[in-house]
Amino acid sequence: MEKFVVNGGKPLFGEVNISGAKNAAVAIIPAVILCDEPCQIENIPNISDVSLISRILQQLGANVRRINKSSLYIDPTHIRTCNATTELVRGMRASYYLLGALLGKYGNAKVALPGGCNFGVRPIDQHLKGFEALGAETRLVDGAIIEAKCNGKPVGTHIYLDVVSVGATMNIMLAACKAEGQTIIENAAKEPHIVDLANFLNSMGADIRGAGTDVIKVRGVDYLHGVTYSIIPDQIEAGTYMCAAAATRGCITVNNVTPKHLDSITVKLREMGVKITEYDESIQVDATVKPLKRCNIKTMPHPGFPTDCQPQFTALLMSVPGTSIVNESVWDNRYQYISQFVNMGAQISVEGRLAIIEGGAPLTAAPVKATDLRAGAAMIIAALQINGTTEISNIQFIERGYENVIDKFKALGADIKKVYFTGDNEAELRA
Ligand code: EPZ
């Protein structure tokens with residue numbers, strides 16, 4: 001069994017380079033299906049979710065090759081099936097983008113229901129509503145596979161989303177990209193990765209306007225040509241290191257970021273007393289200047305505070321004396337990890353969508369597990385605060401979305417390693 005072992009109690013200092021955005025990459029890679037020529041995608045994070053979606057494309061018949069650590073060559077011109085129903089597909093949430101991409105290109109798709117992090121019910125009714133509005137018939141086959149089928153091409157339409165959904169917005173953009181006529185998506189999500197997907201599709205010749213606002217207009221085109229495209233930096237990975245620096249009262253520079261994408265996080269850190277200095281493509285986070293103050297956060301769709309940074313920020317709030325309140329308004333059940341913090345001595349109670357944190361309680365080392373990707377990152381941030389040795393298990397969740405997490409934290413001065421446990425024996429694994 002692999003674990004992370006963290007000896008905490010030291011502030012982080014130094015620089016960290018942020019990788020390409022996971023949630024953009026896992027949409028842009030399947031989006032290449034729509035292209036009529038090969039593409040090269042750059043600034044791809046080297047994480048297991050990217051390997052998984054790449055292997056799924058290969059199963060469909062695409063030629064996917066890694067050109068270097070952060071670039072993929074994808075030739076979709078030999079895709080031979082619209083059936084994506086293997087175990088690999090079930091293993092990741094973002095496989096739902098295969099529905100939009102295959103439907104948009106071939107007019108039909110059969111995709112196994114997605115897996116991914118478990119924080120309560122994760123419906124895809126808004127995706128299906130969009131496909132149906134575009135003229136597809138959708139049905140659930142054997143309780144485990146979604147089939148979407150058009151009579152010919154999807155046909156442009158007007159869709160009003162009942163909830164602001166990142167996945168539904170991107171999936172409908174994919175399905176509408178080559179449709180007949182214009183599709184208007186209202187109440188669309190506005191996350192940076194939505195703009196990135198639209199920019200990628202437009203660079204191939206698509207006609208998408210309004211991405212980043214709540215009304216997106218997609219005029220269908222017949223042909224998409226091959227491009228070389230570079231993915232945006234990962235907003236959440238950057239936010240994670242920013243929280244870690246503040247939680248350990250360190251001072252770090254986070255490189256390869258778009259500071260504007262981090263506004264909702266920097267505003268909160270500043271409110272707490274962290275000194276933030278923004279540069280063109282980097283940001284300095286200095287928590288050495290004055291004692292930090294408690295604060296409240298409420299997660300919201302972009303440009304609100306990102307739910308994917310909620311557990312990491314909670315780990316930071318545990319270190320600050322006073323009562324802080326976290327309000328999770330995006331997901332029904334994203335507090336499963338709190339019991340792990342309580343095992344470390346944190347004083348946190350959960351009441352519905354609120355987590356009430358009595359910060360400043362002394363934390364002690366305890367074995368904890370990553371209950372999902374961001375919760376796993378939050379366990380590292382908690383462990384970095386503790387004078388003692390914390391073992392974090394279920395690290396496969398963390399590796400789904402964080403590239404070289406051990407090396408990046410080590411470069412900031414953290415004492416962290418990945419070990420393989422067999423009974424009483426422990427062997428350190430090197431990346
Ligand atoms: C994306 O998930 C991200 N995943 C999630 O990041 C992120 O937490 C989420 O957006 C919100 O920002 C990927 O991009 C692969 P949603 P997604 O559709 O698209 C409800 C991470 O840690 N809803 O925006 O699946 C839903 O239940 C992951 O990197 C419906 O009701 O999220 C939720 O309450 C975890 N019906 C809310 O909308 C639908 O059809 C937002 O979900 C779709 C969603």
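What you are looking at is a predicted structure, and each value in this text was computed from that prediction instead of being measured. Along the sequence shown, residues are numbered consecutively beginning with 1. Each ligand, and each atom within it, is numbered from 1 in the order the structure gives.
Using a 4.0 Å cut-off to heavy atoms of Gly167, the atoms of ligand 1 that qualify are 18 (O), 19 (O). Residue-ligand proximity, Val330 to ligand 1, at heavy-atom distances under 4.0 Å covers atoms 33 (C), 34 (O), 37 (C), 41 (C). Near Thr307, with a cut-off below 4.0 Å to any heavy atom, the atoms of ligand 1 are 8 (O), 11 (C), 12 (O). Residue Ile124 has at least one heavy-atom neighbour below 4.0 Å for each of these atoms of ligand 1: 39 (C), 40 (O). Of all atoms in ligand 1, numbered sequentially from 1 with element shown, those under 4.0 Å from a heavy atom of His127 are 40 (O). Shown in contact with Arg334 at under 4.0 Å from a heavy atom are these atoms of ligand 1, numbered in order with element: 8 (O), 22 (O), 35 (C).
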Show your working on side-chain contact (heavy atoms from CB on, under 4.5 Å) between Asn108 and Leu102 and close with a plain yes or no.
CA-CA 6 Å; Asn108 78 84; Leu102 290 168; over 6 Å; no
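Contacts with ligand 1 closer than 4.0 Å are made by side-chain heavy atoms of Tyr96 only, the backbone lying farther away. Contacts of Gln126 with ligand 1, taken as heavy-atom pairs under 4.0 Å, involve both backbone and side chain. Counting heavy atoms closer than 4.0 Å to ligand 1, residue Val166 contributes atoms from both its backbone and its side chain. Proximity of Arg93 to ligand 1, defined as any heavy-atom pair under 4.0 Å, is confined to the side chain (atoms from C-beta onward). Neither the backbone nor the side chain of Met300 has a heavy atom within less than 4.0 Å of ligand 1. No part of His193 comes within 4.0 Å of ligand 1, judged by heavy-atom distances.
The closest heavy-atom contact to atom 8 (O) of ligand 1, among the options Asp372, Thr169, Asp308, comes from Asp308.
Checking Asn17 against Asn255 by side-chain atom types alone, a donor-acceptor pair falls below 3.5 Å.
With salt bridges taken as basic N to acidic carboxylate O contacts below 4.0 Å, none links Lys418 and Asp407. Asp372 and Arg374 are not joined by a salt bridge, as no carboxylate oxygen comes within less than 4.0 angstrom of a charged side-chain nitrogen. Here Lys22 does not pair with Asp234 in a salt bridge; the nearest charged N to carboxylate O distance is not below 4.0 Å. For Asp415 and Lys410, the salt-bridge test fails: no basic side-chain N is under 4.0 Å from an acidic carboxylate O. Salt-bridge formation is not detected for the pair Lys129/Glu132: no Lys NZ or Arg NE/NH1/NH2 atom is positioned less than 4.0 Å from an Asp or Glu carboxylate oxygen. A salt bridge is absent between Glu137 and Lys149; no separation between the charged side-chain nitrogens and carboxylate oxygens falls under 4.0 Å.
In this structure, CD on Glu399 lies 8.0 Å from CD1 on Ile406, to the nearest 0.5 angstrom. Taking OG1 of Thr371 as the reference point, atom OH of Tyr337 lies at 8.5 Å (rounded to 0.5 Å).
Within the structure, ligand 1 lacks Ala168 among the residues with a heavy atom less than 4.0 angstrom away. Taking 4.0 Å as the cut-off, Arg400 does not count as a neighbour of ligand 1 on heavy-atom distance.
Considering backbone and side-chain atoms alike, Ser165 places an N or O below 3.5 Å from some N or O of ligand 1. Taking distance alone, with nitrogen or oxygen atoms compared against 3.5 Å, Asn23 approaches ligand 1 more closely than that limit.
Looking at Ser95, its side chain does come within 3.5 Å of a backbone N or O of Val89 through a donor-acceptor pair.
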